[in-house]
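By convention in this document, chain letters (A, B, ...) are assigned in the order of the sequence lines, proteins followed by strands, and residues within each chain are numbered from 1. The figures here come from the full heavy-atom set of this structure, side chains too, leaving out hydrogens, waters and symmetry mates.
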There are 2 protein chains.
Amino acid sequence: MKRIADSTVRRLSTYLRYLEDLDTKGQQTASSDELAHLCGTTSAQVRKDLSFFGSFGKRGLGYPVHELTAHLREILGLEREWKVVIVGAGKIGAALANYRGFRQRGFRIVGVYDNDPNKIGKPWGEAIVHDMADLASDIRREEAPIAVLAIPSDDAQAVVNELIGAGVRAILSFAPAQITVPPHVSLKSVNMAIELEGLSFALTNALPSQGVA
Amino acid sequence: MKRIADSTVRRLSTYLRYLEDLDTKGQQTASSDELAHLCGTTSAQVRKDLSFFGSFGKRGLGYPVHELTAHLREILGLEREWKVVIVGAGKIGAALANYRGFRQRGFRIVGVYDNDPNKIGKPWGEAIVHDMADLASDIRREEAPIAVLAIPSDDAQAVVNELIGAGVRAILSFAPAQITVPPHVSLKSVNMAIELEGLSFALTNALPSQGVA
DNA sequence: GGATGTGAAAATCTTCACAGCT
DNA sequence: AGCTGTGAAGATTTTCACATCC
């Protein structure tokens with residue numbers, strides 16, 4: 001299959017969210033134009049994105065909401081459960097754990113780790129904070145493929161290397177540091193500083209046309 | 001000036017971070033190649049990005065670290081203080097407030113708002129949680145140009161409209177909802193569900209070459 | 001009639017490659 | 001010799017526009 005652009009995958013997630021809404025409301029079909037308006041893009045973009053994976057619509061009618069929802073779940077790999085370990089028992093990890101959508105979409109937290117003796121063994125939501133020393137062996141045992149990295153940047157790369165060594169194949173990092181992973185590992189980085197500085201730049205340079213994001 | 005791509009601005013932030021490191025270490029100059037390796041990009045990309053704003057390097061030598069740091073701060077609009085209001089006194093807002101880099105880079109939190117009576121009036125870090133009812137008037141008085149939106153998605157758009165009405169010109173949203181803003185307002189959205197689903201997609205479709213992010 | 005699916009065109013972003021300065 | 005700055009080439013992504021089908 002042709003390589004799918006990251007921007008396309010992000011939009012698929014968005015389509016899914018709104019299709020679920022429509023499905024809940026009992027709407028039977030949705031046109032590319034309706035979806036586009038909901039998701040802040042264009043109808044051509046919606047059709048193109050979906051066309052990479054098949055022909056889900058009916059000409060003259062639009063897309064069947066319930067079916068397309070299922071297709072998108074399948075495409076995004078959300079029909080199964082993903083085990084996730086959270087590294088760093090701080091605020092960010094807690095925010096993630098609190099987030100309902102997290103579990104709803106099949107991401108199950110199988111462990112929370114920290115190296116702070118004051119946190120280890122303490123309750124954290126419904127779980128207990130484990131010692132980072134056990135991280136690698138636990139990941140191997142659980143075969144958790146996804147890790148969320150929510151620690152200060154200083155030793156982020158070292159922890160990443162440990163995670164990968166233990167078999168993690170996808171990492172969502174909130175550490176404000178450049179991280180390198182081998183080709184078989186996926187990495188997404190969220191860096192609040194970069195986002196804020198982007199806003200600072202936009203304000204400073206008063207760019208017109210910022211519009212939707 | 002030509003429109004600057006969002007991807008360029010993001011890289012500028014990254015360059016700045018590593019230049020500050022080098023500057024702290026006392027390094028005098030850095031080549032585009034060195035910066036590229038630190039930041040996970042290519043030397044041509046570094047030179048191109050910088051070239052949009054001027055000629056900061058010396059041929060044969062590289063870029064003067066300290067000077068370029070100052071230039072990038074200037075370009076990104078970080079030489080001044082930005083007042084920021086945080087909407088939603090939950091975990092995400094707390095994570096942001098905790099984040100040292102936040103203040104270091106000139107973002108000053110001037111207020112935290114929530115509509116939960118159990119939170120209003122309670123301490124929150126060094127601040128006190130204010131009533132959302134006061135949001136608009138406070139923003140007008142303080143003239144805070146930036147808002148961080150860290151609330152559930154249900155009423156996100158309504159709050160955004162209120163913020164914009166009160167004069168906010170840049171919004172960093174963590175609400176997992178599509179938000180629309182007029183052209184004169186900048187919006188960045190961070191959506192953890194989208195990031196995780198992107199990882200799920202990558203794992204499911206076992207794309208080769210994920211590499212650095 | 002109405003909306004999809006899709007090649008082709010346009011726009012955008014990245015990489016190349018080399019002239020030109022230090 | 002070494003490294004920047006940049007026009008041109010290449011790659012990628014988005015938009016257009018229309019034939020095709022319900």
Side-chain angles (χ1 to χ4, degrees), chain A residues 1-15 19 22 27-65 67-68 71-72 75 198 201 207-213, chain B residues 1-15 19 22 27-65 67-68 71-72 75 198 201 207-213:
Chain A
M1 188 199 287
K2 201 177 169 308
R3 184 172 140 40
I4 302 299
D6 192 64
S7 49
T8 295
V9 178
R10 301 178 76 86
R11 282 191 299 267
L12 292 180
S13 281
T14 310
Y15 303 154
L19 283 165
L22 295 178
Q27 186 168 328
Q28 298 292 312
T29 61
S31 68
S32 57
D33 198 53
E34 178 174 9
L35 262 180
H37 275 94
L38 286 170
C39 300
T41 181
T42 65
S43 62
Q45 184 76 78
V46 171
R47 295 198 300 278
K48 179 67 88 180
D49 286 341
L50 295 176
S51 75
F52 292 130
F53 302 94
S55 297
F56 306 116
K58 288 215 189 339
R59 295 170 197 233
L61 276 175
Y63 298 90
V65 170
E67 267 188 53
L68 184 54
H71 279 302
L72 285 179
I75 290 165
F201 177 84
L207 296 175
S209 81
Q210 286 293 323
V212 180
Chain B
M1 189 197 288
K2 202 177 168 304
R3 184 171 140 42
I4 302 298
D6 192 62
S7 48
T8 295
V9 179
R10 302 178 76 87
R11 283 191 299 268
L12 293 180
S13 281
T14 310
Y15 304 154
L19 284 165
L22 295 177
Q27 187 168 328
Q28 298 292 313
T29 61
S31 68
S32 58
D33 198 53
E34 179 174 9
L35 262 181
H37 275 93
L38 286 171
C39 300
T41 183
T42 64
S43 61
Q45 185 76 79
V46 171
R47 295 199 299 278
K48 179 67 86 180
D49 286 341
L50 295 176
S51 76
F52 293 129
F53 302 94
S55 298
F56 306 117
K58 287 217 189 340
R59 295 169 198 234
L61 276 175
Y63 298 90
V65 170
E67 268 188 52
L68 183 54
H71 279 302
L72 284 178
I75 290 164
F201 177 84
L207 296 176
S209 79
Q210 286 294 323
V212 180

From OH of B:Y63 across to P of D:dG2 the rounded distance in Å is 18 Å

Going by the rule side-chain hydrogen bond (donor to acceptor under 3.5 Å, both in side chains), which residues pair with A:Q28 if we only count those two or more places apart in sequence or in a different chain? none

Rounded off to whole Å, could you give me the CZ-to-P distance for the B:F52 and D:dT6 pair? 11 Å

Starting from C1' on D:dT12, measure out to CD on A:Q45 and report it in whole angstrom. 12 Å

A:V46 and side-chain contact (heavy atoms from CB on, under 4.5 Å): which single residue from A:T14, A:L38, A:L35 fits? A:L35

Nearest whole Å is fine: how far is D:dT14 C1' from A:R47 CZ? 13 Å

Taking side-chain hydrogen bond (donor to acceptor under 3.5 Å, both in side chains) as the definition, give me every residue that meets it alongside B:Y63, ordered by chain and number, with sequence neighbours left out. none

A:E67: partners by side chain to side chain contact (heavy atoms under 4.5 Å, CB included), with sequence neighbours left out: A:P64, A:H71

Expressed in angstrom and rounded to an integer, what is the separation of B:F56 atom CZ from D:dT6 atom C1'? 15 Å

Hits for side chain to side chain contact (heavy atoms under 4.5 Å, CB included) against B:I75, two or more places apart or cross-chain, chain-then-number order -> A:F201, B:L12, B:F53, B:F56, B:L72

Please round to the nearest 0.5 Å and tell me the distance separating atom OG of B:S31 and atom NZ of B:K58. 15.0 Å

Atom-to-atom span, CG of B:L35 to P of D:dG5 - whole angstrom: 12 Å

So which one's nearest nucleotide on DNA chain D is more toward 5', A:S7 or B:G57? B:G57

Please write out each protein N/O paired with an N/O of nucleotides 20-22 of chain D under 3.5 Å, distance rounded to 0.1 Å.
| unit_1 | atom_1 | unit_2 | atom_2 | d |
| --- | --- | --- | --- | --- |
| D:dT20 | O2 | A:R59 | NH1 | 2.4 |
| D:dC22 | O4' | A:R59 | O | 3.2 |

On DNA chain C, reading 5' to 3', which nucleotide is the first and which the last to sit with an atom under 4.0 Å from a heavy atom of chain B, could you check? C:dC13 to C:dT22

Could you work out, with side-chain hydrogen bond (donor to acceptor under 3.5 Å, both in side chains) as the rule, every residue matching B:S43, not counting sequence neighbours? B:R47

Please give, in whole Å, the distance from D:dT13 C1' to B:D6 CG? 15 Å

Listed by chain and number, what are the side chain to side chain contact (heavy atoms under 4.5 Å, CB included) partners of B:T29, not counting sequence neighbours? none

Measure CZ/A:R3 against C1'/D:dA11 and give the value in whole Å, please. 12 Å

At under 4.0 Å between heavy atoms, what does A:T42 touch on the DNA or RNA strands: base, sugar-phosphate, or nothing? sugar-phosphate

Set of residues satisfying side chain to side chain contact (heavy atoms under 4.5 Å, CB included) with respect to B:T42, sequence neighbours excluded: B:A44, B:Q45

